Amino acid sequence: MASGGRTINVLNVAEKPSVAKAVAVILSRNQGLRVRDGRSRYNKIFEFDYAIRGQPCHMLMTSVTGHLMELDFEDRYRKWHSCDPADLYQAPVRKIVPEDKMDIKRTLDEEARRCQWLVLWLDCDREGENIAFEVIEVCRAVNHHLVLRRARFSALIDREIHQAVQNLVDPNQWFADAVDARQEIDLRIGASFTRFQTMLLQDRFCIDSATDDRNLVLSYGPCQFPTLGFIVERYWEIQAHEPEEFWTINFTHRSDEGIATFNWMRGHLFDYTCAVIIYEMCVQEPTATVTKVRQQEKLKYPPYPLSTIELEKRASRYFRMSSEQTMKVAEDLYQAGFISYPRTETDCFSVRTDLHAMVQEQQGHPVWGSYAQQLLDPGTGLWRNPSGGGHDDKAHPPIHPTKFSSGESRWSQDHHRLYELVVRHFLACVSQPAVGAETTVEIDVAGELFSASGRVILARNYLDVYRFESWGGSVIPSYAVGQQFIPTTLTLDSGVTRPPPLLSEADLLSCMDKAGIGTDATMHDHIKKLLDRFYATKDANTRFSPTNLGEALVMGYDDMGYELWKPNLRSTMEYDMKEVSIGNKSKAEVLANCLQQMKACFLDARVNKVKLLEAMAIFFERSNADEHHAAGEIVCQCGNCLESNMVLRKNRDGNFMVGCMAFPQCRNAVWLPGSVSEAIVTSNICNSCNPGPVYLIQFKFRRHEIPPGFDVNHLGCIGGCDETLRQLIEICGTGSRNPAGGRGATTTSNNVRQSDTRQRACIYCQQTGHLSGDCQSQFSGSRNAHSHGTNLQSGESSIPCTSCGTSCVLRTANTANNRGRKFYSCQSQECNFFLWEDDINNGTRGRSMPRGSASNPSRRGGRGRGGQTGGRGADTTFVSATGDPLSGRRCYVCGDPSHFANACPNRGT
DNA sequence: GCAAGGTC
């Protein structure tokens with residue numbers, strides 16, 4: 001750059017008004033700084049004189065508010081019915097300045113005309129670089145001779161800003177290109193899929209969540225759908241969870257100093273027999289010997305400096321504030337100058353930050369002021385330079401207080417809370433960690449190891465100011481190695497595994513953060529969008545569940561085999577954007593490649609739209625507008641829930657079924673033969689099936705898929721009286737409902753796949769676990785007769801039951817641990833006698849055990865498992881330390897001798 | 001009536 005010469009006019013543009021002001025104040029050193037209004041009421045113009053490398057400059061400093069332009073399709077493609085949505089993959093797009101940004105554009109037009117240079121002070125990230133090119137486009141349009149320069153700065157501090165202006169560089173086209181590509185891909189994918197699925201589903205189904213169907217938009221977006229995917233996936237995981245009973249041994253010891261609870265170092269066992277055997281060993285030799293006493297100092301560190309996502313997560317955890325509300329309130333506090341810029345990824349303070357000055361500001365606060373004073377007093381040793389979490393967006397510092405307040409009268413409760421969180425978090429960051437003394441004691445009882453631990457907090461330090469976190473302390477008696485004692489209680493306790501909880505808002509933010517879905521400034525928007533679109537709901541505990549609509553959409557795409565609802569698509573895009581931003585790939589190359597793939601995916605999805613329709617049909621009634629699928633094909637009342645009707649439907653694989661309308665609450669279903677090509681509910685009522693009316697169905701079978709002798713046309717009944725239908729189901733099966741390629745190739749907890757199997761109910765007794773060919777109700781009239789289930793081979797011989805006097809049948813176990821092993825099991829439902837055949841040969845006596853226990857082979861075949869059961873606390877029971885658990889013959893859940901654990905009414909409460 | 005990203 002030339003130095004000296006006449007003064008030139010330099011137009012400086014920042015990304016937001018606050019940065020324009022800060023830069024102007026720093027560069028002008030607050031001397032001779034003038035400010036005037038521009039065309040836009042938010043974006044002032046600052047004027048001052050400055051010399052860049054000796055060149056005298058008259059500086060005009062103004063700002064935009066984020067992006068100045070928007071990408072959209074050209075007019076003729078804007079209307080929804082103007083074109084085939086598939087055309088949106090190549091429809092021309094253009095960047096325009098939207099109406100609400102025109103004032104800013106006018107300011108730039110006017111100021112650029114009289115300037116020789118344009119210096120771009122946009123944030124130093126990819127979006128900032130892209131906005132820089134938008135500003136260039138606007139300014140160059142009115143002044144072709146503008147010299148373009150870019151200021152690079154990583155913080156709004158004097159040295160950085162002066163250095164930046166003295167070392168101006170060129171704008172980075174690669175960074176801007178990466179954003180252009182992202183914008184175009186997002187627009188084309190979002191618009192095409194949104195139009196497609198909205199127009200496909202909106203009028204076909206009665207979607208109850210929308211008050212006005214015309215306003216219902218079923219949007220698709222590369223960020224909103226993966227976010228929904230996280231919610232649905234967790235929901236499915238919970239649905240698929242089958243509680244499993246486990247067993248653990250607990251040991252307590254009371255002395256003059258208090259009580260110690262020793263936990264079994266094996267944790268817990270799912271094998272009841274093993275647990276009982278070990279427990280029995282402990283009962284027989286209950287003396288404990290202390291093998292290890294370990295004392296150590298533990299530190300609990302304060303959190304890292306506050307980034308946006310952490311602020312959102314913590315406000316959700318501590319105050320149950322939604323991320324959207326958090327950002328709204330944080331923006332308010334920022335605008336009023338109380339906290340720093342709230343959209344930041346940075347979680348470490350620059351070494352140049354004057355942290356002491358920030359603490360000093362807080363000394364006068366009535367609540368935490370005294371803590372701030374202690375921090376500043378070197379005598380307390382409370383100060384500690386904060387550690388960082390390793391993230392730095394190079395644009396903004398961590399969120400911290402910028403102005404003292406003991407609370408403003410106009411603040412809402414949320415303003416008070418959020419300001420308090422920001423201040424306390426900041427004070428915690430510059431404090432020493434809490435210090436605790438932990439004692440761990442290990443004991444040996446009959447060769448089994450148990451451990452107990454206690455903690456005494458020696459110094460609370462940062463916990464004194466960070467009231468949102470706690471660190472539990474508990475005291476245990478002191479022990480010495482070699483010391484021996486007898487337990488106060490020694491118990492065999494049962495519990496059941498529990499499903500994971502629904503995703504909380506903090507969990508969801510973590511999932512998004514980890515997968516790179518959205519940015520710190522937009523994550524809360526995506527979450528809100530799911531609620532606005534009726535895709536998900538949030539309960540009082542800030543936990544998210546999918547709505548029927550959300551689940552149906554994800555299920556539909558999943559059934560197509562697409563991962564459009566998973567984060568991979570976005571991750572791949574992000575990877576490509578990175579490649580563009582470092583010059584490894586060109587924008588054109590990435591766009592062409594990505595759009596070609598997405599268009600193919602779109603066209604394929606359209607071919608497979610029946611999957612979406614079927615998934616929706618599981619949850620929603622067809623609307624009258626959908627003439628082809630008129631609603632109201634009621635077959636009979638549901639014999640399972642007794643509340644809803646069973647209706648004829650085509651399932652997701654194109655096969656017919658009769659399912660309860662209350663799905664998914666009631667999963668009663670009758671799967672019809674795969675050889676059925678047509679099925680229509682008639683007005684004829686079956687004369688023999690009860691409870692009535694059961695409407696007959698007119699079936700048409702595919703000729704080549706049924707045996708000779710059967711008619712392709714058949715008026716059938718699903719109520720249980722129809723022998724022809726039963727035979728065809730046995731012969732043809734119930735259609736190819738093979739879920740391969742469907743949900744969750746990545747997960748074993750694929751509930752829908754599992755529920756499909758579970759849903760395969762016997763058409764006669766409506767129970768799952770067996771097919772109609774095995775239904776005992778058709779032979780003996782007794783449902784109890786097959787209670788040992790389908791995983792057991794039938795009995796071969798019998799011996800008298802030594803427990804109740806009836807007989808025991810010899811069976812073969814088919815469980816993972818004992819497959820092929822023979823055992824005798826009492827035929828009586830009231831008796832629980834059970835004996836391994838090889839134990840007879842070994843001279844072991846028979847034993848009674850709860851039928852629900854892990855080692856009892858009857859468990860897996862039976863229908864003993866209820867729904868979701870409670871946690872360990874509710875299930876814990878005690879067997880006296882001197883009692884013999886093997887002769888107890890009583891329920892291990894409640895101790896009642898009249899029944900066993902599998903039949904216990906307290907299970908699941 | 002569509003996306004996601006800036007910001008007021």
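Keep in mind that the numbers below use all heavy atoms, side chains included, and drop hydrogens, waters and symmetry copies. This structure is a prediction, so every number in the text was calculated from the model and none was measured. Proteins come first, then strands; the chains are lettered A, B, ... in the order of their sequence lines, and each starts at number 1.
The shortest heavy-atom contact between A/Val590 and A/Met577 is CG1-CE, 3.8 Å. Taking every heavy atom of both residues into account, A/Asp170 and A/Leu148 meet most closely at OD1-O, 4.5 Å.
Contacts of A/Tyr77 with the nucleic acid, taken as non-hydrogen atoms under 4.0 Å apart, are absent. Contact annotation for A/Lys529: backbone-only contact, meaning every heavy-atom pair under 4.0 Å involves sugar-phosphate atoms and none involves a base. Using a 4.0 Å heavy-atom criterion, one finds that A/Pro85 contacts no nucleic acid atom at all.
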| request: Give the intermediate values and the outcome of side-chain contact (heavy atoms from CB on, under 4.5 Å) for residues A/Phe205 and A/Arg622. | output: CA-CA 4 Å; A/Phe205 295 93; A/Arg622 303 271 186 176; 3.6 Å; yes
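Looking at the side chain of A/Pro17, the nearest of the listed nucleotides B/dG1, B/dA3, B/dT7 is B/dT7. Listed nucleotides B/dC8, B/dG1, B/dA3 differ in distance to A/Gln202; the shortest reach to its side chain belongs to B/dG1. The side chain of A/Pro222 lies closest to B/dA3, out of B/dT7, B/dA3, B/dC8.
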Side-chain donor-acceptor contacts of residues 592-605 of chain A below 3.5 Å, not counting sequence neighbours, with atom names and distances?
residue: A/Asn593; atom: OD1; partner: A/Gln597; partner atom: NE2; Å: 3.3
residue: A/Lys599; atom: NZ; partner: A/Gln90; partner atom: OE1; Å: 3.2
residue: A/Asp604; atom: OD2; partner: A/Tyr562; partner atom: OH; Å: 2.2

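Taking the six-membered ring where the residue is Trp, A/Phe225 and A/Tyr535 present perpendicular rings, their angle passing 60° and hence far from 30°.
In this view, A/Arg343 and A/Glu331, A/Tyr341 satisfy the side chain to side chain donor-acceptor pair (under 3.5 Å) rule, not counting sequence neighbours. Taking the salt bridge (charged side-chain N to carboxylate O under 4.0 Å, His left out) definition, one finds that A/Arg182 meets it with A/Glu127, A/Asp186, sequence neighbours left out. Here A/Asp520 pairs with A/Thr308, A/Ile309, A/Glu345 under the side chain to side chain contact (heavy atoms under 4.5 Å, CB included) rule; sequence neighbours left out. Among residues two or more places apart in sequence or in another chain, the salt bridge (charged side-chain N to carboxylate O under 4.0 Å, His left out) test is passed with A/Glu589 by none. Checked against salt bridge (charged side-chain N to carboxylate O under 4.0 Å, His left out), A/Glu74 has no partners two or more places apart in sequence or in another chain. Contacts of A/Arg78 classified as salt bridge (charged side-chain N to carboxylate O under 4.0 Å, His left out), with partners at least two apart in sequence or in another chain: A/Asp72, A/Asp75. Taking A/Ser405 as the reference, A/Phe338, A/Glu408, A/Trp411, A/Tyr419 meet the side chain to side chain contact (heavy atoms under 4.5 Å, CB included) condition, with sequence neighbours excluded.
At the phosphate of B/dA3, OP1 or OP2 sits under 4.0 Å from a side-chain N or O atom of A/Ser219. OP1 or OP2 of B/dT7 sits under 4.0 Å from a side-chain N or O of A/Arg343. Here A/His526 reaches the OP1 or OP2 of B/dG5: one of its side-chain N or O atoms lies under 4.0 Å away.
For residues 568-590 of chain A, proximity to DNA chain B is found at A/Arg570, defined as any non-hydrogen atom under 4.0 angstrom from a strand atom. Within residues 102-110 of chain A, no residue has a heavy atom under 4.0 Å from DNA chain B. Using a 4.0 Å cutoff on non-hydrogen atoms, the parts of residues 182-193 of chain A near DNA chain B are A/Arg182, A/Gln183, A/Asp186, A/Leu187, A/Gly190, A/Ala191, ordered by number. Within residues 505-524 of chain A, the residues approaching DNA chain B are A/Gly518, A/Thr519, A/Ala521, A/Thr522, by heavy-atom distance under 4.0 Å.
For A/His81 and B/dC2, the NE2 to P distance is 14 Å, given to the nearest whole Å. In this structure, the CG atom of A/Asn43 is 10 Å from the C1' atom of B/dT7, given to the nearest Å. Atom NZ of A/Lys528 is separated from atom P of B/dA3 by 12 Å (rounded to the nearest Å). We find that CZ of A/Arg41 is positioned 19 Å from P of B/dT7, with the value rounded to whole Å. Note: CD (A/Glu134) to C1' (B/dT7) measures 12 Å, nearest angstrom. Between the CG atom of A/Asp180 and the C1' atom of B/dA3 there is a distance of 15 Å, rounded to whole Å. Atom-to-atom, CD of A/Glu70 to C1' of B/dT7 comes out at 12 Å; the value is rounded to the nearest Å. B/dG5 atom P lies 19 Å from atom CG of A/Leu68, rounded to whole Å.
Annotation: of the two residues near DNA chain B, A/Leu88 and A/Lys16, the 5′-most nearest-nucleotide partner is A/Leu88. Nearest-nucleotide assignment on DNA chain B puts the 5′-proximal partner with A/Phe73, out of A/Asp123 and A/Phe73.
Residues A/Asn43 and A/Thr62 bring no donor and acceptor atom of their side chains to less than 3.5 Å of each other.
Between A/Trp80 and B/dG1, a base-stacking contact is recorded: ring centres under 5.5 Å apart, planes less than 30° from parallel.
At a cut-off of 3.5 angstrom, counting only N and O atoms as typed in the model, there is no donor on one side facing an acceptor on the other between the side-chain of A/Thr194 and the base of B/dC2.
The environment of CH2 in A/Trp80 is crowded: more than 12 heavy-atom neighbours from other residues, nucleotides or ligands sit within 6.0 Å.
For A/Ser192 (side chain) and A/Ile189 (main-chain N/O), a donor-acceptor pair under 3.5 Å exists by modelled atom type.
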